[in-house]
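Numbered from 1 within each chain, the chains take letters A, B, ... in sequence-line order.
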Number of protein chains: 2
Amino acid sequence: MPVSIKDIARLAGVSHSTVSRALRDSPLIPAATAQRIQQIARESGYTASAVARSLVTRKTQAIGVVVTSIADPFNGDLVDGIEEVANQHGYSVILATSQADPEREMAVVRSFGERRVDGILVASSRVGSLYLPMLEELKIPIVLVNNQHRSDFAYSIAVDNVHGAYQAARHLIELGHRRIGYLGDRLGLHSDEDRFAGFGKALAEFKVSLPKEFVVYGDGKLEGASIAARDLLHRSKRPTAVLCYNDISAFGLLKVAEECGIMIPESLSVTGFDDITFAALARPALTTVRQPRREMGRKAAELLIAIFNGSPEEKALVIRGELIVRESTAPLSAS
Amino acid sequence: MPVSIKDIARLAGVSHSTVSRALRDSPLIPAATAQRIQQIARESGYTASAVARSLVTRKTQAIGVVVTSIADPFNGDLVDGIEEVANQHGYSVILATSQADPEREMAVVRSFGERRVDGILVASSRVGSLYLPMLEELKIPIVLVNNQHRSDFAYSIAVDNVHGAYQAARHLIELGHRRIGYLGDRLGLHSDEDRFAGFGKALAEFKVSLPKEFVVYGDGKLEGASIAARDLLHRSKRPTAVLCYNDISAFGLLKVAEECGIMIPESLSVTGFDDITFAALARPALTTVRQPRREMGRKAAELLIAIFNGSPEEKALVIRGELIVRESTAPLSAS
DNA sequence: CTGAAAGCGCTTACAG
DNA sequence: CTGAAAGCGCTTACAG
């Protein structure tokens with residue numbers, strides 16, 4: 001048995017109420033008494049029980065975080081940002097992995113409910129709405145990070161996909177490209193729709209037309225993107241630039257271009273989205289839109305804590321990413 | 001207020017003791033009653049309070065994990081492995097970051113103590129012994145992953161540094177190299193000592209001598225390693241192969257080699273240690289010793305859970321890494 | 001089978 | 001200032 005407040009009370013010859021107050025620096029207790037008691041607590045190796053405290057305060061000072069997998073560097077950065085501000089404010093983070101399995105995600109969130117976490121953060125989920133009722137019952141606020149759910153329950157924070165893709169498209173247009181393709185993600189994610197919308201916005205603004213056959217869809221993975229890319233590049237009249245849904249898709253396309261002997265960026269400019277670590281290291285290094293992962297984690301945690309304190313600024317935060325120009329894009333060559 | 005066991009008792013017209021039993025499928029309760037009560041619980045949106053339960057059972061079903069930073073892919077994989085088996089066994093993981101700051105690590109572990117986690121996992125720490133007394137008082141077992149502390153308190157799990165370096169060295173020797181350098185980490189980490197020992201073991205076994213000036217020390221980072229590498233490669237009589245403490249050091253050396261116009265692997269073979277993601281992507285791709293990060297996380301969690309169940313197999317587990325031969329090593333050329 | 005009781009380790013009105 | 005009391009939401013001997 002760890003030593004409890006009662007043990008200290010006995011040692012100090014006071015009631016346990018007094019010990020409790022002394023340990024929490026209550027103004028009711030004279031400094032001298034408080035110090036004596038704290039001293040005894042220290043010497044006896046006392047460690048307060050957060051679980052007992054939580055039971056009465058109804059606060060656990062813990063926030064639950066759900067990601068698909070932490071091995072993914074994107075989530076690593078995100079969680080790092082979350083943990084940073086959580087820690088700053090005296091909160092612990094309970095981390096769980098959904099493995100992109102909705103059932104598992106449900107189970108995880110249920111377990112967070114049982115643990116009575118003060119709030120929940122969920123990254124890139126498509127199933128947020130399933131557990132909303134339970135969280136509402138428990139009055140546990142939730143903030144969704146980059147979620148694919150288009151509804152306004154709960155709070156959310158996401159990159160500005162429209163603006164990010166707009167920047168990338170504009171960059172290509174300013175390089176002189178007029179025949180620009182889009183390699184998307186057929187899963188119909190909102191992020192894909194939004195990026196396509198940003199792409200379209202730039203085209204419209206500069207009066208660049210988009211032939212239907214310049215739009216192809218992979219699955220956001222290397223293989224699927226490669227297949228779509230083959231489709232796009234093997235035409236007689238192919239685009240001189242392609243805006244890809246994400247970096248992985250862009251690498252799929254780059255691979256196919258290499259196979260076809262298409263020089264990058266001389267004969268084809270390519271942009272990605274995300275700025276995964278490899279984007280900077282690849283040859284050619286990829287021009288892409290950086291998602292400020294760590295900052296998003298920080299903002300998400302700050303939002304949650306603001307909610308705890310009753311001062312949520314906005315329900316839905318949008319963060320802009322930055323266009324990172326590297327080697328995979330170049331001015332349209334005269335050729 | 002969330003609905004409690006008492007509310008259900010009222011609704012069901014039984015005592016809260018009976019509800020508690022019914023909810024836990026106690027054999028004392030007839031199936032019919034249990035189902036009726038469970039039904040009511042479900043309908044009323046009951047979610048058991050793990051904190052109340054923990055207070056009486058003295059188990060939180062939670063394990064605390066301390067890493068320097070989760071943004072580091074190494075730790076990401078590790079934590080993923082930990083979370084996987086923790087989750088399998090019904091444990092939650094509370095994750096905290098030390099930022100390589102001993103004070104912060106202490107604070108984090110203290111907070112884990114207050115939360116009464118059932119066990120603690122600490123990765124790559126050098127300060128484990130500081131909080132040992134507190135954990136002992138609280139009877140919270142701890143397992144150290146790849147720690148630099150040479151003492152047998154607590155449990156531990158680590159890569160077999162000696163064997164890993166031995167394999168790398170042997171690989172170089174078998175390629176015909178006889179003039180092999182070592183680029184270490186001057187911080188005097190045990191992992192450095194062990195890797196150097198494995199290196200020495202291979203040299204001894206094959207009767208390869210090691211000139212003193214073939215051993216240089218960086219700091220495990222790119223810059224420090226580069227300085228040491230310059231020292232090593234700028235001699236008149238330089239080694240034909242270098243075994244580096246870790247991948248990062250190897251990349252520092254590769255950079256210097258490039259500056260000096262030394263061809264890799266034609267004129268110099270280089271090995272790393274860790275197999276960070278970039279090792280496979282770099283040009284030339286790095287020959288290195290892979291640390292099975294995810295598996296280490298799994299094993300660490302399994303060890304901890306075995307301790308909970310009173311059946312810890314061994315106090316100190318050692319896991320072997322695998323030599324991954326890529327492009328940075330080649331047979332000693334006749335030149 | 002079921003309930004009343006005690007207790008886990010705290011916090012905090014309520015009296016004095 | 002200080003203590004006795006109640007209570008947070010559960011579990012589990014102990015009686016019946």
What does [X] touch in the nucleic acid at a heavy-atom separation under 4.0 angstrom: a base, only the sugar-phosphate, or nothing?
X: Val14(A); answer: sugar-phosphate
X: Arg24(A); answer: sugar-phosphate
X: Arg58(B); answer: sugar-phosphate
X: Ser17(B); answer: base
X: Ser4(A); answer: sugar-phosphate

* Side-chain ion pair, Glu314(A) and Lys299(A), N-O less than 4.0 Å -> no
Choose from [options] the nucleotide whose nearest atom is closest to any side-chain atom of [X].
X: Leu55(B); options: dC14(D), dG9(D), dC1(C); value: dG9(D)
X: Leu28(A); options: dC10(D), dT2(D), dG3(D); value: dT2(D)
X: Val56(B); options: dC10(C), dC10(D), dT2(D); value: dC10(D)

Please report, rounded to the nearest Å, how far the [atom2] atom of [N] is from the [atom1] atom of [X].
X: Asp25(A); N: dT12(C); atom1: CG; atom2: P; value: 14 Å
X: Met1(B); N: dG9(D); atom1: CE; atom2: C1'; value: 12 Å
X: Glu114(A); N: dT11(D); atom1: CD; atom2: P; value: 11 Å
X: Arg53(A); N: dG9(D); atom1: CZ; atom2: P; value: 18 Å
X: Ile8(B); N: dC10(D); atom1: CD1; atom2: C1'; value: 12 Å
X: Leu23(A); N: dC10(C); atom1: CG; atom2: P; value: 9 Å
X: Ile5(A); N: dG7(C); atom1: CD1; atom2: P; value: 17 Å
X: Lys6(A); N: dC10(C); atom1: NZ; atom2: C1'; value: 10 Å

Donor-acceptor pairs under 3.5 angstrom involving side-chain atoms of residues 9-16 of chain A: please list them, not counting sequence neighbours.
| from | atom 1 | to | atom 2 | distance (Å) |
| --- | --- | --- | --- | --- |
| Arg10(A) | NH2 | Asp7(A) | OD1 | 3.3 |
| Ser15(A) | OG | Ser17(A) | N | 3.3 |
| Ser15(A) | OG | Thr18(A) | N | 3.3 |
| Ser15(A) | OG | Thr18(A) | OG1 | 3.3 |

* Which residues satisfy the side-chain hydrogen bond (donor to acceptor under 3.5 Å, both in side chains) test with Thr68(B), sequence neighbours excluded? ->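 Checked Thr68(B) against side-chain hydrogen bond (donor to acceptor under 3.5 Å, both in side chains); matches are Asn75(B).
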* Residues two or more places apart in sequence or in another chain: which of them pass side-chain hydrogen bond (donor to acceptor under 3.5 Å, both in side chains) with Asp80(B)? ->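 With neighbours one apart ignored, the set is Ser69(A), Arg294(B).
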* Can you tell me how far the CG atom of Asn146(B) sits from the OG atom of Ser191(B), to the nearest 0.5 Å? -> 7.5 Å
* Asked: Does the side-chain contact (heavy atoms from CB on, under 4.5 Å) test come out yes or no for Thr47(A) and Arg116(B), once each step is laid out?
  -> CA-CA 9 Å; Thr47(A) 305; Arg116(B) 300 289 193 267; 3.8 Å; yes
* Asked: Are the side chain of Ser156(A) and the backbone N or O of Val143(A) linked by a donor-acceptor pair below 3.5 Å?
  ->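 Side chain of Ser156(A) to backbone of Val143(A): no pair is present.
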* Asked: Would you say Arg110(A)'s side chain and Glu105(A)'s backbone share a donor-acceptor pair under 3.5 angstrom?
  ->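 Pair absent, no side-chain N/O of Arg110(A) close to backbone of Glu105(A).
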* Under 4.0 Å between a side-chain N/O of Thr57(A) and OP1 or OP2 of dT11(C), yes or no? -> no
* To do: Not counting sequence neighbours, list each pair that qualifies as a side chain to side chain donor-acceptor pair (under 3.5 Å) and has a residue in residues 32-41 of chain B.
  => Asp25(B)-Gln38(B), Gln39(B)-Arg42(B), Gln39(B)-Glu43(B)
* To do: Find out whether Thr60(A) and Arg115(A) are in side-chain contact, i.e. whether some heavy atom of one side chain is under 4.5 Å from a heavy atom of the other.
  =>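 The answer is no; the side chains never approach within 4.5 Å.
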* To do: Give DNA chain C the dot-bracket treatment, 5' to 3': Watson-Crick (N1-N3 with N6-O4 or O6-N4) or G-U (N1-O2, O6-N3) under 3.5 Å, [ ] crossing, | other strand.
  => |||.||||||||.|||
* In residues 41-50 of chain A, which residues come under 4.0 Å of DNA chain D by heavy atom? ->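 Output list: empty, so none.
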* To do: Return yes if the base of dT2(D) and the side-chain atoms of His16(A) contain a donor-acceptor N/O pair under 3.5 Å, otherwise no.
  => no
* Asked: Does a distance-only test, which skips hydrogens and angles, find a donor-acceptor pair under 3.5 Å between the side chain of Arg116(B) and the base of dG9(C)?
  ->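 Checked by distance alone, the answer is no.
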